[in-house]
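Atoms considered below: every heavy atom in the structure, side chains included; atoms not considered: hydrogens, waters and symmetry mates.
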Amino acid sequence: QVQLAESGGGLVLPGGSLSLSCVVSGGTFSSLSMGWFRQPSGKEREFLGSISRIPGMTYLQDFLKGRFTISRDNAKNTVYLHMTNLKPEDTAVYYCAAARDYCAGYGCSTRDFDSWGQGTQVTVSS
């Protein structure tokens, strides 16, 4: 049974940076593709990007390029979301998700992922 646990959320000023981590247990992490989503309060969950197992190809939504990056460390069973130049509209609960198959495109959705973490709150406010 695959389990995921996000961490690293918190309150940050506009223009600041924050890195989120997601530790995976109960499965073979290196065999899993990983994705990041976010869900603003009162809105639907939004796909941000994904990273494949090995060699770790990444996909990132166009509106996040230049600010967000996704990486993974298979030795630590961890996937990361590095966020810079944060804006108030980035405020949301951020989720990581796992899948056996790699989905890389703007059309990826929650249905393309099998396991989910509980989420971590990111608030960008002055």
Side-chain angles (χ1 to χ4, degrees):
Q1 183 176 353
V2 176
Q3 298 178 359
L4 296 81
E6 304 96 336
S7 63
L11 177 64
V12 62
L13 294 171
S17 300
L18 201 63
S19 292
L20 307 181
S21 301
C22 175
V23 179
V24 179
S25 61
T28 304
F29 179 71
S30 62
S31 70
L32 297 172
S33 297
M34 302 294 299
W36 282 99
F37 292 74
R38 69 184 182 189
Q39 186 167 17
S41 180
K43 303 184 72 174
E44 295 184 347
R45 197 164 298 187
E46 176 184 37
F47 175 66
L48 303 180
S50 59
I51 185 166
S52 65
R53 43 186 185 181
I54 297 175
M57 297 178 293
T58 59
Y59 172 82
L60 193 68
Q61 294 276 38
D62 285 342
F63 64 88
L64 296 176
K65 290 181 178 177
R67 296 199 300 124
F68 288 21
T69 59
I70 298 172
S71 64
R72 69 188 294 164
D73 187 340
N74 287 349
K76 297 181 179 180
N77 289 359
T78 302
V79 63
Y80 303 93
L81 179 66
H82 306 283
M83 304 181 291
T84 63
N85 192 24
L86 285 162
K87 304 174 181 180
E89 54 262 41
D90 295 319
T91 296
V93 177
Y94 283 71
Y95 298 89
C96 65
R100 288 183 291 181
D101 297 321
Y102 181 46
C103 185
Y106 66 87
C108 298
S109 72
T110 57
R111 295 182 179 180
D112 297 302
F113 295 84
D114 307 309
S115 302
W116 295 85
Q118 294 181 346
T120 184
Q121 176 72 45
V122 173
T123 302
V124 184
S125 177
S126 60

Measuring from [X]:[atom1] to [Y]:[atom2], what's the distance to the nearest 0.5 Å?
{"X": "Cys22", "Y": "Glu6", "atom1": "SG", "atom2": "CD", "answer": "5.0 Å"}
{"X": "Lys43", "Y": "Arg38", "atom1": "NZ", "atom2": "CZ", "answer": "9.0 Å"}
{"X": "Ser52", "Y": "Asp101", "atom1": "OG", "atom2": "CG", "answer": "12.0 Å"}
{"X": "Leu81", "Y": "Phe68", "atom1": "CG", "atom2": "CZ", "answer": "6.0 Å"}
{"X": "Leu13", "Y": "Ser126", "atom1": "CG", "atom2": "OG", "answer": "7.5 Å"}
{"X": "Tyr59", "Y": "Ile51", "atom1": "OH", "atom2": "CD1", "answer": "14.5 Å"}

Following the transitive rule for hydrophobic clusters with a side-chain heavy-atom cut-off under 4.5 Å over Ile, Leu, Val, Met, Phe, Trp and Tyr, establish whether [X] and [Y] coincide in one cluster.
{"X": "Leu60", "Y": "Leu86", "value": "yes"}
{"X": "Tyr80", "Y": "Tyr94", "value": "no"}
{"X": "Leu48", "Y": "Val124", "value": "yes"}
{"X": "Leu32", "Y": "Val23", "value": "no"}

Side-chain heavy atoms of [X] within contact of [Y], under 4.5 Å:
{"X": "Val12", "Y": "Thr123", "value": "no"}
{"X": "Asp62", "Y": "Tyr106", "value": "no"}
{"X": "Met34", "Y": "Val24", "value": "yes"}
{"X": "Phe47", "Y": "Ser109", "value": "no"}
{"X": "Thr91", "Y": "Gln121", "value": "yes"}
{"X": "Glu46", "Y": "Phe63", "value": "yes"}
{"X": "Gln39", "Y": "Tyr95", "value": "yes"}
{"X": "Phe29", "Y": "Asp73", "value": "no"}

Within the supplied structure, the quantity of interest is the number of heavy atoms (other residues, nucleotides, ligands) at a distance under 6.0 Å from Glu89 CD; does it exceed 12?
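Check passes, neighbour count above 12.
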Answer yes or no: does atom CD of Gln118 have more than 12 heavy-atom neighbours from other residues, nucleotides or ligands under 6.0 Å?
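At most 12 heavy atoms, drawn from other residues, nucleotides or ligands, come within 6.0 Å of this atom.
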Of all the heavy-atom pairs spanning [X] and [Y], show the shortest one and how long it is.
{"X": "Val93", "Y": "Gly119", "value": "CG1-CA, 3.8 Å"}
{"X": "Ser30", "Y": "Arg53", "value": "O-CB, 3.0 Å"}
{"X": "Ser50", "Y": "Ala104", "value": "OG-CA, 3.9 Å"}
{"X": "Asp114", "Y": "Ala99", "value": "OD2-CA, 3.6 Å"}
{"X": "Ala98", "Y": "Leu4", "value": "N-CD2, 3.9 Å"}
{"X": "Val79", "Y": "Ser71", "value": "CG2-O, 3.2 Å"}

List the steps and the verdict of side chain to side chain donor-acceptor pair (under 3.5 Å) for His82 and Thr69.
CA-CA 5 Å; His82 306 283; Thr69 59; 4.9 Å; no
Using modelled atom types only, decide if a donor and an acceptor are shared between the side chain of Ser17 and the backbone of Thr84 within a distance under 3.5 Å.
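The answer is no, because no donor-acceptor pair under 3.5 Å joins these two groups.
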Closer than 4.0 angstrom, basic N to acidic O: yes or no for Lys87 and Asp90?
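Salt bridge flag = no for Asp90 with Lys87.
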With side-chain contact (heavy atoms from CB on, under 4.5 Å) as the test, would you mind laying out the steps for Leu20 and Met83 before giving the verdict?
CA-CA 8 Å; Leu20 307 181; Met83 304 181 291; 3.8 Å; yes
For the aromatic rings, using the six-membered ring if either is Trp, is the centroid distance between Phe113 and Phe37 under 6.0 Å?
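Yes, ring centres under 6.0 Å apart.
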